[in-house]
Amino acid sequence: MADYVYVLLLFAVQVLANSDDSFLPKVKTVFSSGNSSVPIVLWWTGSLFPHFQGDSATINCGRGSCLATKDKGKLQNPMTRGIIFYGTDFRADESPLPRQPHHEWALLHEESPMNNYILSHNPTMRMFNHTATFRRESDFPLTSLPIQSLDHLTARKPVPLTEKNRLRDSEGLASVLYVQSHCNVASDRDRYVKELMKYIKIDSYGECLNNKKLPNEELEDTLTMHHPDFLTFISRYKFHLAFENAICDDYMTEKLFRPLHVGSVPIYWGSSKARDWMPNDQSIIMMEDFESPQKLAEFITAVDQDDEEYLKYLKFKEEGVTNQFLIDHMMNRMWHDDEVGNGDFITSFECYVCDKVNERMEAESRHNEDPTFPSPVPHFGSYNHMGCPAPDVSYGDRSDVSVTEDFYMWPEDFWQSFEQAMALQQMIKVGEKDASKLFDYMREMRKKKRH
Ligand SMILES: *[C@@H]1O[C@H](CO)[C@@H](O)[C@H](O)[C@H]1NC(C)=O
Ligand SMILES: *[C@@H]1O[C@H](CO)[C@@H](O)[C@H](O)[C@H]1NC(C)=O
(Lines give C-alpha, C1' and ligand atoms only; values in the text may rest on other atoms or scores of the structure.)
(Ligands and ions follow the chains in the order given, each with its own letter.)
Protein backbone atom coordinates (compact mmCIF):
# COMPACT_ATOMS: atom_id res chain seq x y z
CA MET A 1 0.00 0.00 0.00
CA ALA A 2 2.67 2.42 1.09
CA ASP A 3 4.55 2.00 -2.18
CA TYR A 4 1.48 2.80 -4.18
CA VAL A 5 0.86 5.96 -2.23
CA TYR A 6 4.49 6.82 -2.76
CA VAL A 7 4.15 6.51 -6.54
CA LEU A 8 1.09 8.72 -6.49
CA LEU A 9 2.83 11.27 -4.31
CA LEU A 10 5.71 11.27 -6.73
CA PHE A 11 3.19 12.11 -9.42
CA ALA A 12 1.65 14.92 -7.46
CA VAL A 13 5.03 16.41 -6.69
CA GLN A 14 6.04 16.19 -10.33
CA VAL A 15 2.85 17.89 -11.46
CA LEU A 16 3.32 20.73 -9.04
CA ALA A 17 6.99 21.15 -9.74
CA ASN A 18 6.85 20.91 -13.48
CA SER A 19 4.00 22.72 -15.09
CA ASP A 20 6.09 23.91 -18.03
CA ASP A 21 7.32 22.14 -21.14
CA SER A 22 10.72 21.26 -19.70
CA PHE A 23 8.95 18.43 -17.95
CA LEU A 24 7.32 16.97 -21.04
CA PRO A 25 8.44 13.38 -21.45
CA LYS A 26 10.97 12.33 -24.05
CA VAL A 27 7.98 10.62 -25.58
CA LYS A 28 6.35 13.80 -26.77
CA THR A 29 2.71 14.24 -25.89
CA VAL A 30 0.24 16.34 -27.84
CA PHE A 31 -3.14 17.02 -26.36
CA SER A 32 -6.08 16.15 -28.50
CA SER A 33 -9.76 15.37 -28.48
CA GLY A 34 -12.34 13.98 -30.84
CA ASN A 35 -11.73 11.07 -33.19
CA SER A 36 -8.54 9.26 -33.59
CA SER A 37 -6.87 7.83 -36.66
CA VAL A 38 -4.39 6.04 -34.43
CA PRO A 39 -5.14 3.21 -32.00
CA ILE A 40 -6.40 4.18 -28.58
CA VAL A 41 -4.79 3.01 -25.36
CA LEU A 42 -7.29 3.41 -22.55
CA TRP A 43 -6.15 3.70 -18.93
CA TRP A 44 -8.91 1.86 -17.07
CA THR A 45 -7.15 2.95 -13.87
CA GLY A 46 -7.49 6.66 -14.54
CA SER A 47 -5.61 7.71 -11.40
CA LEU A 48 -2.39 6.47 -12.94
CA PHE A 49 -2.81 8.24 -16.28
CA PRO A 50 0.67 9.66 -16.76
CA HIS A 51 -0.13 12.87 -18.65
CA PHE A 52 -1.13 15.93 -16.79
CA GLN A 53 -3.40 18.02 -18.97
CA GLY A 54 -6.80 16.84 -20.05
CA ASP A 55 -8.05 13.30 -20.49
CA SER A 56 -6.11 12.38 -23.60
CA ALA A 57 -2.68 12.73 -25.13
CA THR A 58 -1.11 11.54 -28.36
CA ILE A 59 2.00 9.53 -27.60
CA ASN A 60 4.71 8.80 -30.15
CA CYS A 61 6.43 5.52 -29.46
CA GLY A 62 8.91 3.26 -31.25
CA ARG A 63 6.51 1.76 -33.75
CA GLY A 64 4.01 4.57 -34.15
CA SER A 65 1.57 6.75 -32.29
CA CYS A 66 -1.40 6.11 -30.07
CA LEU A 67 -4.01 8.19 -28.39
CA ALA A 68 -3.60 7.58 -24.66
CA THR A 69 -6.71 8.42 -22.70
CA LYS A 70 -8.42 7.94 -19.36
CA ASP A 71 -11.85 8.64 -20.82
CA LYS A 72 -13.81 5.43 -20.22
CA GLY A 73 -16.38 6.67 -22.72
CA LYS A 74 -13.88 5.62 -25.39
CA LEU A 75 -14.32 1.93 -24.56
CA GLN A 76 -16.76 1.42 -27.42
CA ASN A 77 -14.68 3.40 -29.90
CA PRO A 78 -13.58 0.92 -32.58
CA MET A 79 -10.04 2.30 -32.39
CA THR A 80 -9.69 1.30 -28.73
CA ARG A 81 -7.24 -1.60 -28.76
CA GLY A 82 -5.20 -1.44 -25.55
CA ILE A 83 -6.69 -1.23 -22.05
CA ILE A 84 -4.28 -0.72 -19.16
CA PHE A 85 -5.05 -1.71 -15.57
CA TYR A 86 -3.11 -1.05 -12.41
CA GLY A 87 -3.18 -4.34 -10.54
CA THR A 88 -4.01 -3.06 -7.07
CA ASP A 89 -7.08 -1.30 -8.48
CA PHE A 90 -8.28 -4.03 -10.82
CA ARG A 91 -11.88 -4.96 -9.92
CA ALA A 92 -13.57 -7.82 -11.73
CA ASP A 93 -16.99 -6.23 -11.19
CA GLU A 94 -15.82 -2.99 -12.81
CA SER A 95 -14.00 -4.50 -15.75
CA PRO A 96 -14.51 -3.20 -19.29
CA LEU A 97 -17.19 -5.48 -20.70
CA PRO A 98 -18.22 -6.62 -23.18
CA ARG A 99 -14.73 -7.61 -24.09
CA GLN A 100 -14.18 -7.27 -27.82
CA PRO A 101 -11.80 -9.60 -29.65
CA HIS A 102 -9.56 -6.63 -30.49
CA HIS A 103 -9.31 -5.49 -26.84
CA GLU A 104 -5.82 -6.16 -25.59
CA TRP A 105 -5.76 -6.03 -21.81
CA ALA A 106 -2.54 -4.89 -20.19
CA LEU A 107 -1.62 -5.35 -16.52
CA LEU A 108 0.81 -3.16 -14.60
CA HIS A 109 1.56 -4.42 -11.11
CA GLU A 110 4.76 -4.07 -9.13
CA GLU A 111 3.14 -4.12 -5.71
CA SER A 112 2.42 -6.89 -3.25
CA PRO A 113 0.32 -9.84 -4.40
CA MET A 114 -1.74 -9.40 -1.23
CA ASN A 115 -3.05 -6.07 -2.57
CA ASN A 116 -5.21 -7.98 -5.00
CA TYR A 117 -5.19 -11.74 -4.87
CA ILE A 118 -7.28 -12.11 -8.01
CA LEU A 119 -4.03 -11.61 -9.94
CA SER A 120 -2.49 -14.65 -8.32
CA HIS A 121 -4.68 -17.05 -10.29
CA ASN A 122 -4.05 -18.50 -13.70
CA PRO A 123 -7.53 -17.70 -15.14
CA THR A 124 -6.96 -14.02 -14.39
CA MET A 125 -3.46 -13.88 -15.80
CA ARG A 126 -4.67 -15.45 -19.03
CA MET A 127 -7.04 -12.51 -19.50
CA PHE A 128 -4.14 -10.11 -19.92
CA ASN A 129 -2.42 -9.86 -23.27
CA HIS A 130 0.48 -7.80 -21.93
CA THR A 131 1.94 -8.00 -18.44
CA ALA A 132 4.34 -5.84 -16.47
CA THR A 133 4.74 -7.37 -13.01
CA PHE A 134 7.41 -8.17 -10.43
CA ARG A 135 7.87 -11.56 -12.09
CA ARG A 136 10.80 -11.96 -14.46
CA GLU A 137 8.55 -14.10 -16.66
CA SER A 138 6.18 -11.21 -17.38
CA ASP A 139 6.40 -9.42 -20.73
CA PHE A 140 7.84 -6.25 -19.26
CA PRO A 141 9.51 -7.36 -16.02
CA LEU A 142 9.56 -4.87 -13.16
CA THR A 143 11.46 -7.20 -10.82
CA SER A 144 14.35 -4.85 -10.23
CA LEU A 145 12.23 -1.77 -9.59
CA PRO A 146 13.41 -1.50 -5.96
CA ILE A 147 17.04 -1.41 -7.16
CA GLN A 148 17.79 2.20 -8.06
CA SER A 149 21.14 1.35 -9.60
CA LEU A 150 24.14 -0.89 -9.01
CA ASP A 151 25.97 2.12 -7.68
CA HIS A 152 23.21 2.73 -5.16
CA LEU A 153 23.82 -0.78 -3.78
CA THR A 154 27.57 -0.40 -3.42
CA ALA A 155 28.49 3.28 -2.99
CA ARG A 156 27.48 3.86 0.61
CA LYS A 157 30.11 2.74 3.11
CA PRO A 158 28.92 0.51 5.96
CA VAL A 159 29.35 1.58 9.57
CA PRO A 160 32.76 0.09 10.54
CA LEU A 161 32.49 -3.31 12.18
CA THR A 162 34.37 -2.17 15.30
CA GLU A 163 31.70 0.51 15.78
CA LYS A 164 28.84 -1.94 15.19
CA ASN A 165 30.36 -4.33 17.74
CA ARG A 166 30.85 -1.48 20.21
CA LEU A 167 27.21 -0.48 19.87
CA ARG A 168 26.25 -4.08 20.56
CA ASP A 169 28.64 -4.64 23.47
CA SER A 170 28.54 -1.23 25.18
CA GLU A 171 25.31 0.48 24.13
CA GLY A 172 22.99 -2.48 24.41
CA LEU A 173 21.99 -2.54 20.78
CA ALA A 174 20.75 -5.87 19.53
CA SER A 175 22.51 -7.26 16.50
CA VAL A 176 19.22 -7.69 14.68
CA LEU A 177 16.77 -4.96 13.72
CA TYR A 178 13.07 -5.31 12.91
CA VAL A 179 10.94 -2.35 11.83
CA GLN A 180 7.44 -3.12 10.70
CA SER A 181 4.18 -1.27 11.16
CA HIS A 182 1.88 -3.31 8.98
CA CYS A 183 1.22 -6.27 11.25
CA ASN A 184 -1.63 -8.34 9.87
CA VAL A 185 -0.25 -9.35 6.51
CA ALA A 186 -0.55 -12.35 4.23
CA SER A 187 2.92 -13.71 4.95
CA ASP A 188 2.07 -13.87 8.67
CA ARG A 189 5.67 -12.80 9.34
CA ASP A 190 5.21 -11.68 12.95
CA ARG A 191 4.42 -15.22 14.11
CA TYR A 192 7.83 -16.33 12.92
CA VAL A 193 9.65 -13.26 14.25
CA LYS A 194 8.03 -13.75 17.66
CA GLU A 195 9.43 -17.27 17.79
CA LEU A 196 12.82 -16.09 16.55
CA MET A 197 12.90 -13.55 19.40
CA LYS A 198 12.99 -16.42 21.89
CA TYR A 199 16.45 -17.34 20.65
CA ILE A 200 18.10 -14.07 19.70
CA LYS A 201 17.82 -10.46 20.80
CA ILE A 202 15.96 -8.31 18.28
CA ASP A 203 15.28 -4.57 18.55
CA SER A 204 11.82 -3.99 17.15
CA TYR A 205 10.79 -0.36 16.57
CA GLY A 206 7.66 -0.46 14.46
CA GLU A 207 4.16 -1.16 15.69
CA CYS A 208 4.56 -4.89 15.23
CA LEU A 209 6.18 -6.72 18.16
CA ASN A 210 7.47 -3.37 19.39
CA ASN A 211 9.98 -3.64 22.21
CA LYS A 212 12.02 -0.48 21.81
CA LYS A 213 11.39 3.25 21.48
CA LEU A 214 13.20 5.42 19.01
CA PRO A 215 15.63 7.79 20.78
CA ASN A 216 13.73 10.93 19.78
CA GLU A 217 10.49 12.09 18.25
CA GLU A 218 12.08 13.50 15.14
CA LEU A 219 13.21 10.05 14.17
CA GLU A 220 9.66 8.85 14.65
CA ASP A 221 8.65 11.04 11.72
CA THR A 222 11.41 9.59 9.56
CA LEU A 223 9.78 6.18 9.60
CA THR A 224 8.81 7.01 6.06
CA MET A 225 11.87 4.84 5.41
CA HIS A 226 13.40 7.14 2.82
CA HIS A 227 14.71 9.73 5.26
CA PRO A 228 18.53 10.03 5.58
CA ASP A 229 18.34 10.09 9.41
CA PHE A 230 16.39 6.88 9.35
CA LEU A 231 18.99 5.24 7.09
CA THR A 232 21.78 6.35 9.43
CA PHE A 233 19.88 4.98 12.40
CA ILE A 234 19.31 1.53 10.90
CA SER A 235 22.80 1.27 9.41
CA ARG A 236 24.21 0.74 12.94
CA TYR A 237 22.61 -2.69 13.11
CA LYS A 238 24.55 -5.69 11.85
CA PHE A 239 21.50 -7.52 10.55
CA HIS A 240 18.05 -6.47 9.38
CA LEU A 241 15.05 -8.74 9.30
CA ALA A 242 13.64 -8.23 5.83
CA PHE A 243 10.41 -10.20 5.64
CA GLU A 244 8.00 -9.40 2.81
CA ASN A 245 4.29 -8.96 3.47
CA ALA A 246 3.45 -11.70 0.98
CA ILE A 247 5.38 -14.60 -0.44
CA CYS A 248 5.82 -15.01 -4.16
CA ASP A 249 8.66 -15.70 -6.56
CA ASP A 250 10.43 -12.48 -7.52
CA TYR A 251 8.33 -10.30 -5.26
CA MET A 252 11.05 -8.25 -3.53
CA THR A 253 10.87 -4.75 -2.11
CA GLU A 254 13.09 -2.05 -0.68
CA LYS A 255 13.02 -4.08 2.56
CA LEU A 256 15.64 -6.28 0.94
CA PHE A 257 17.65 -3.64 -0.90
CA ARG A 258 17.73 -1.00 1.85
CA PRO A 259 19.98 -3.07 4.16
CA LEU A 260 22.29 -3.74 1.23
CA HIS A 261 22.39 0.00 0.53
CA VAL A 262 23.24 0.96 4.12
CA GLY A 263 25.65 -1.94 4.63
CA SER A 264 23.73 -4.29 6.92
CA VAL A 265 23.07 -7.94 6.23
CA PRO A 266 19.50 -8.81 5.23
CA ILE A 267 17.92 -11.84 6.84
CA TYR A 268 15.40 -12.35 4.12
CA TRP A 269 12.11 -14.06 3.63
CA GLY A 270 10.05 -13.52 0.49
CA SER A 271 10.99 -14.65 -2.97
CA SER A 272 12.80 -17.99 -2.89
CA LYS A 273 14.77 -16.77 -5.86
CA ALA A 274 16.08 -13.59 -4.23
CA ARG A 275 19.68 -14.80 -4.53
CA ASP A 276 19.48 -14.32 -8.30
CA TRP A 277 19.27 -10.55 -7.74
CA MET A 278 22.00 -10.16 -5.14
CA PRO A 279 25.30 -8.34 -5.79
CA ASN A 280 27.26 -11.59 -5.31
CA ASP A 281 26.77 -15.07 -3.90
CA GLN A 282 27.26 -14.15 -0.25
CA SER A 283 25.38 -11.03 0.75
CA ILE A 284 22.14 -12.35 2.18
CA ILE A 285 20.88 -14.86 4.75
CA MET A 286 17.79 -16.70 3.53
CA MET A 287 15.37 -17.61 6.30
CA GLU A 288 14.05 -20.49 4.19
CA ASP A 289 17.40 -22.25 4.39
CA PHE A 290 16.81 -23.02 8.07
CA GLU A 291 14.52 -25.67 9.39
CA SER A 292 13.40 -23.63 12.40
CA PRO A 293 13.64 -20.16 13.95
CA GLN A 294 15.98 -21.66 16.51
CA LYS A 295 18.38 -22.93 13.84
CA LEU A 296 18.27 -19.55 12.10
CA ALA A 297 19.04 -17.80 15.40
CA GLU A 298 22.01 -20.09 15.99
CA PHE A 299 23.38 -19.26 12.56
CA ILE A 300 22.96 -15.49 12.99
CA THR A 301 24.67 -15.68 16.37
CA ALA A 302 27.60 -17.57 14.89
CA VAL A 303 28.07 -14.99 12.12
CA ASP A 304 27.62 -12.17 14.63
CA GLN A 305 30.48 -13.53 16.74
CA ASP A 306 32.87 -14.17 13.89
CA ASP A 307 34.14 -10.87 12.47
CA GLU A 308 35.82 -12.46 9.51
CA GLU A 309 32.70 -14.35 8.54
CA TYR A 310 30.49 -11.29 9.01
CA LEU A 311 32.67 -9.15 6.75
CA LYS A 312 32.31 -11.66 3.94
CA TYR A 313 28.70 -10.53 3.64
CA LEU A 314 29.81 -6.96 3.02
CA LYS A 315 32.53 -7.75 0.52
CA PHE A 316 30.42 -6.47 -2.36
CA LYS A 317 30.78 -2.97 -0.90
CA GLU A 318 34.45 -3.07 -1.88
CA GLU A 319 34.52 -5.48 -4.77
CA GLY A 320 31.38 -4.20 -6.43
CA VAL A 321 28.62 -6.21 -8.03
CA THR A 322 29.88 -9.43 -9.57
CA ASN A 323 26.55 -11.12 -10.31
CA GLN A 324 26.52 -11.06 -14.11
CA PHE A 325 22.79 -11.75 -14.31
CA LEU A 326 22.09 -8.63 -12.28
CA ILE A 327 24.58 -6.53 -14.23
CA ASP A 328 23.05 -7.59 -17.56
CA HIS A 329 19.54 -7.06 -16.30
CA MET A 330 20.23 -3.55 -15.03
CA MET A 331 21.73 -2.63 -18.37
CA ASN A 332 18.83 -3.98 -20.39
CA ARG A 333 15.79 -3.30 -18.27
CA MET A 334 12.85 -1.88 -20.14
CA TRP A 335 12.62 1.49 -18.40
CA HIS A 336 15.22 3.99 -17.35
CA ASP A 337 14.83 6.84 -14.93
CA ASP A 338 12.75 7.06 -11.80
CA GLU A 339 11.47 10.41 -12.83
CA VAL A 340 7.87 10.32 -13.95
CA GLY A 341 7.42 11.18 -17.61
CA ASN A 342 11.08 10.62 -18.40
CA GLY A 343 11.38 6.98 -19.25
CA ASP A 344 9.88 5.87 -15.94
CA PHE A 345 8.28 2.43 -15.85
CA ILE A 346 4.72 3.71 -16.19
CA THR A 347 5.14 5.74 -19.37
CA SER A 348 7.55 3.13 -20.73
CA PHE A 349 4.94 0.43 -20.32
CA GLU A 350 2.32 2.65 -21.93
CA CYS A 351 4.56 2.90 -24.99
CA TYR A 352 5.21 -0.83 -24.88
CA VAL A 353 1.47 -1.45 -25.13
CA CYS A 354 1.11 1.16 -27.88
CA ASP A 355 3.89 -0.55 -29.86
CA LYS A 356 2.34 -3.99 -29.45
CA VAL A 357 -1.03 -2.69 -30.59
CA ASN A 358 0.46 -0.99 -33.66
CA GLU A 359 2.53 -4.05 -34.47
CA ARG A 360 -0.55 -6.23 -34.44
CA MET A 361 -2.61 -3.82 -36.54
CA GLU A 362 0.13 -3.73 -39.16
CA ALA A 363 0.34 -7.50 -39.22
CA GLU A 364 -3.45 -7.75 -39.53
CA SER A 365 -3.66 -5.36 -42.45
CA ARG A 366 -0.76 -7.07 -44.18
CA HIS A 367 -2.53 -10.36 -43.77
CA ASN A 368 -5.77 -8.89 -45.12
CA GLU A 369 -4.02 -7.55 -48.20
CA ASP A 370 -2.05 -10.68 -48.78
CA PRO A 371 -3.29 -13.86 -47.05
CA THR A 372 0.07 -15.57 -47.62
CA PHE A 373 1.26 -13.44 -44.71
CA PRO A 374 0.23 -15.33 -41.57
CA SER A 375 -2.27 -13.60 -39.30
CA PRO A 376 -0.72 -12.70 -35.94
CA VAL A 377 -1.01 -15.32 -33.22
CA PRO A 378 -2.76 -14.48 -29.95
CA HIS A 379 -0.53 -13.48 -27.08
CA PHE A 380 -1.56 -13.61 -23.44
CA GLY A 381 -0.25 -14.20 -19.95
CA SER A 382 -0.14 -17.30 -17.80
CA TYR A 383 0.29 -18.27 -14.17
CA ASN A 384 4.01 -17.50 -14.12
CA HIS A 385 3.40 -13.89 -15.15
CA MET A 386 2.29 -13.25 -11.59
CA GLY A 387 0.68 -16.29 -10.01
CA CYS A 388 1.38 -16.64 -6.30
CA PRO A 389 0.70 -19.43 -3.79
CA ALA A 390 -2.10 -19.26 -1.23
CA PRO A 391 -1.16 -17.50 2.02
CA ASP A 392 -0.18 -19.80 4.88
CA VAL A 393 1.00 -19.45 8.46
CA SER A 394 4.66 -18.52 8.76
CA TYR A 395 5.49 -20.79 11.64
CA GLY A 396 4.02 -23.91 13.11
CA ASP A 397 1.05 -25.88 11.99
CA ARG A 398 -2.04 -24.21 10.58
CA SER A 399 -4.26 -26.46 12.68
CA ASP A 400 -2.72 -24.97 15.84
CA VAL A 401 -3.74 -21.46 14.84
CA SER A 402 -7.14 -20.39 16.12
CA VAL A 403 -9.71 -19.80 13.38
CA THR A 404 -10.57 -16.47 14.98
CA GLU A 405 -7.15 -15.03 14.15
CA ASP A 406 -6.97 -12.14 11.71
CA PHE A 407 -4.59 -14.12 9.57
CA TYR A 408 -7.46 -16.15 8.13
CA MET A 409 -8.79 -13.22 6.16
CA TRP A 410 -5.89 -13.77 3.72
CA PRO A 411 -6.55 -17.33 2.58
CA GLU A 412 -10.24 -16.45 2.50
CA ASP A 413 -9.52 -13.45 0.28
CA PHE A 414 -7.29 -15.61 -1.92
CA TRP A 415 -9.94 -18.27 -2.55
CA GLN A 416 -12.80 -15.81 -2.88
CA SER A 417 -10.82 -13.99 -5.55
CA PHE A 418 -10.36 -17.29 -7.38
CA GLU A 419 -14.15 -17.57 -7.64
CA GLN A 420 -14.25 -14.02 -8.97
CA ALA A 421 -11.68 -14.91 -11.60
CA MET A 422 -13.73 -17.91 -12.73
CA ALA A 423 -16.90 -15.81 -12.88
CA LEU A 424 -15.21 -13.05 -14.88
CA GLN A 425 -13.84 -15.60 -17.30
CA GLN A 426 -17.37 -16.87 -17.83
CA MET A 427 -18.74 -13.34 -18.32
CA ILE A 428 -16.15 -12.64 -21.02
CA LYS A 429 -16.97 -15.92 -22.70
CA VAL A 430 -20.70 -15.27 -22.95
CA GLY A 431 -20.24 -11.62 -23.96
CA GLU A 432 -21.75 -10.17 -20.79
CA LYS A 433 -22.09 -6.39 -21.02
CA ASP A 434 -22.59 -5.56 -17.35
CA ALA A 435 -19.56 -6.23 -15.14
CA SER A 436 -21.53 -5.53 -11.97
CA LYS A 437 -23.33 -8.84 -12.49
CA LEU A 438 -20.18 -10.59 -11.28
CA PHE A 439 -21.75 -11.66 -8.01
CA ASP A 440 -24.77 -13.14 -9.79
CA TYR A 441 -22.41 -15.23 -11.88
CA MET A 442 -20.58 -16.34 -8.76
CA ARG A 443 -23.84 -17.41 -7.15
CA GLU A 444 -24.79 -19.38 -10.24
CA MET A 445 -21.44 -21.12 -10.32
CA ARG A 446 -21.71 -22.10 -6.66
CA LYS A 447 -25.19 -23.50 -7.25
CA LYS A 448 -23.97 -25.61 -10.16
CA LYS A 449 -21.09 -26.90 -8.12
CA ARG A 450 -23.44 -28.07 -5.41
CA HIS A 451 -25.56 -30.04 -7.88
C1 LIG B 1 -16.15 10.35 -34.27
O2 LIG B 1 -16.57 9.27 -35.06
C3 LIG B 1 -17.86 8.81 -34.76
C4 LIG B 1 -18.16 7.61 -35.66
O5 LIG B 1 -17.03 6.83 -35.85
C6 LIG B 1 -18.87 9.94 -35.01
O7 LIG B 1 -20.17 9.50 -34.65
C8 LIG B 1 -18.48 11.15 -34.17
O9 LIG B 1 -19.34 12.24 -34.48
C10 LIG B 1 -17.04 11.55 -34.43
N11 LIG B 1 -16.65 12.59 -33.50
C12 LIG B 1 -15.88 13.64 -33.86
C13 LIG B 1 -15.59 14.61 -32.77
O14 LIG B 1 -15.45 13.79 -34.98
C1 LIG C 1 -5.89 -11.59 -25.67
O2 LIG C 1 -6.09 -12.60 -24.71
C3 LIG C 1 -7.21 -13.42 -24.90
C4 LIG C 1 -7.23 -14.44 -23.80
O5 LIG C 1 -7.69 -13.89 -22.63
C6 LIG C 1 -7.16 -14.09 -26.25
O7 LIG C 1 -8.33 -14.84 -26.45
C8 LIG C 1 -6.98 -13.08 -27.34
O9 LIG C 1 -6.81 -13.73 -28.57
C10 LIG C 1 -5.76 -12.22 -27.06
N11 LIG C 1 -5.67 -11.15 -28.03
C12 LIG C 1 -4.59 -10.92 -28.71
C13 LIG C 1 -4.69 -9.76 -29.65
O14 LIG C 1 -3.58 -11.57 -28.64
Side-chain angles (χ1 to χ4, degrees), residues 36 38-45 61-69 74-87 89-109 116-133 135 137-141 334 349-369 371 373-388 417-435 437-438 441-442 445:
S36 182
V38 295
I40 297 172
V41 171
L42 171 58
W43 281 87
W44 202 247
T45 310
C61 303
R63 295 188 72 106
S65 304
C66 292
L67 182 75
T69 182
K74 291 223 170 25
L75 180 62
Q76 299 311 332
N77 189 310
M79 290 305 283
T80 295
R81 307 280 304 214
I83 304 172
I84 306 182
F85 305 86
Y86 188 61
D89 297 323
F90 177 80
R91 296 284 169 272
D93 62 336
E94 295 169 6
S95 49
L97 300 186
R99 182 168 180 179
Q100 308 289 353
H102 60 270
H103 283 171
E104 297 180 33
W105 286 15
L107 171 68
L108 178 68
H109 190 75
N116 200 351
Y117 266 124
I118 196 169
L119 305 172
S120 287
H121 305 291
N122 188 41
T124 319
M125 291 315 290
R126 289 172 61 88
M127 291 173 199
F128 295 103
N129 301 95
H130 311 289
T131 61
T133 77
R135 288 288 291 259
E137 294 90 348
S138 68
D139 298 316
F140 185 104
M334 295 167 87
F349 184 58
E350 183 186 54
C351 256
Y352 175 86
V353 173
C354 172
D355 281 344
K356 288 293 167 192
V357 162
N358 271 311
E359 220 174 278
R360 181 167 295 270
M361 285 174 76
E362 272 165 39
E364 279 168 3
S365 60
R366 247 173 126 182
H367 172 71
N368 290 342
E369 279 161 24
F373 276 110
S375 68
V377 292
H379 177 87
F380 50 90
S382 60
Y383 182 76
N384 69 359
H385 287 225
M386 196 190 130
C388 299
S417 72
F418 180 69
E419 283 186 19
Q420 291 194 16
M422 297 301 286
L424 179 56
Q425 197 181 39
Q426 179 67 11
M427 290 164 88
I428 292 173
K429 197 167 144 200
V430 301
E432 176 58 57
K433 294 185 182 67
D434 181 358
K437 289 199 180 142
L438 181 83
Y441 278 76
M442 284 168 70
M445 290 173 77

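Note that ligands are numbered from 1 as they come in the structure, with each ligand's atoms numbered from 1 the same way. Keep in mind that what you see is a predicted model, and the values were worked out from it rather than measured.
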>> Once rounded to the nearest 0.5 Å, what's the spacing between atom CZ of R99 and atom CD of E104?
In response: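 Rounded to the nearest 0.5 Å, the CZ-CD separation comes out at 9.0 Å.
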
> Under a 4.0 Å heavy-atom limit, does R99 contact ligand 2 with its side chain, its backbone, both, or neither?
Replying inline: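 Side chain only.
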
May I ask you to identify the nearest protein heavy atom to [atom], giving residue, atom name and distance to one decimal place in Å?
atom: atom 6 (C) of ligand 2; result: F380 CD2, 3.9 Å
atom: atom 9 (O) of ligand 2; result: P378 CB, 3.4 Å
atom: atom 14 (O) of ligand 2; result: H379 N, 2.8 Å

> side-chain hydrogen bond (donor to acceptor under 3.5 Å, both in side chains) between W44 and E94: does it pass, once the steps are laid out?
Replying inline: CA-CA 9 Å; W44 202 247; E94 295 169 6; over 6 Å; no

>> Whether the side chain of N129 engages the backbone of W105 through a donor-acceptor N/O pair (distance < 3.5 Å, no angle test) should be reported.
In response: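 At least one qualifying donor-acceptor pair exists.
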
> Between E104 and ligand 2, is there a nitrogen or oxygen pair with a distance under 3.5 Å?
Replying inline: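 Such a contact does not occur with ligand 2.
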
> Is the SG of C61 found under 2.5 Å away from the SG of C351?
Replying inline: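 Taking the criterion (SG atoms under 2.5 Å apart), C61 and C351 satisfy it, so yes.
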
>> Within the 4.0 Å heavy-atom shell around R126, which atoms of ligand 2 are there?
In response: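 Checking each atom against R126, I get 4 (C), 5 (O).
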
> Short list, please: which atoms of ligand 2 are under 4.0 Å from a heavy atom of N129?
Replying inline: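 Reading through ligand 2 atom by atom, the close ones are 1 (C), 2 (O), 3 (C), 8 (C), 10 (C), 11 (N), 12 (C), 14 (O).
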
> Any Lys/Arg nitrogen of E432 or K437 sitting under 4.0 Å from an Asp/Glu carboxylate oxygen of the other?
Replying inline: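 Salt bridge flag = yes for K437 with E432.
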
>> Apply side-chain hydrogen bond (donor to acceptor under 3.5 Å, both in side chains) to residues H109 and N116 and explain how you reach the verdict.
In response: CA-CA 10 Å; H109 190 75; N116 200 351; over 6 Å; no

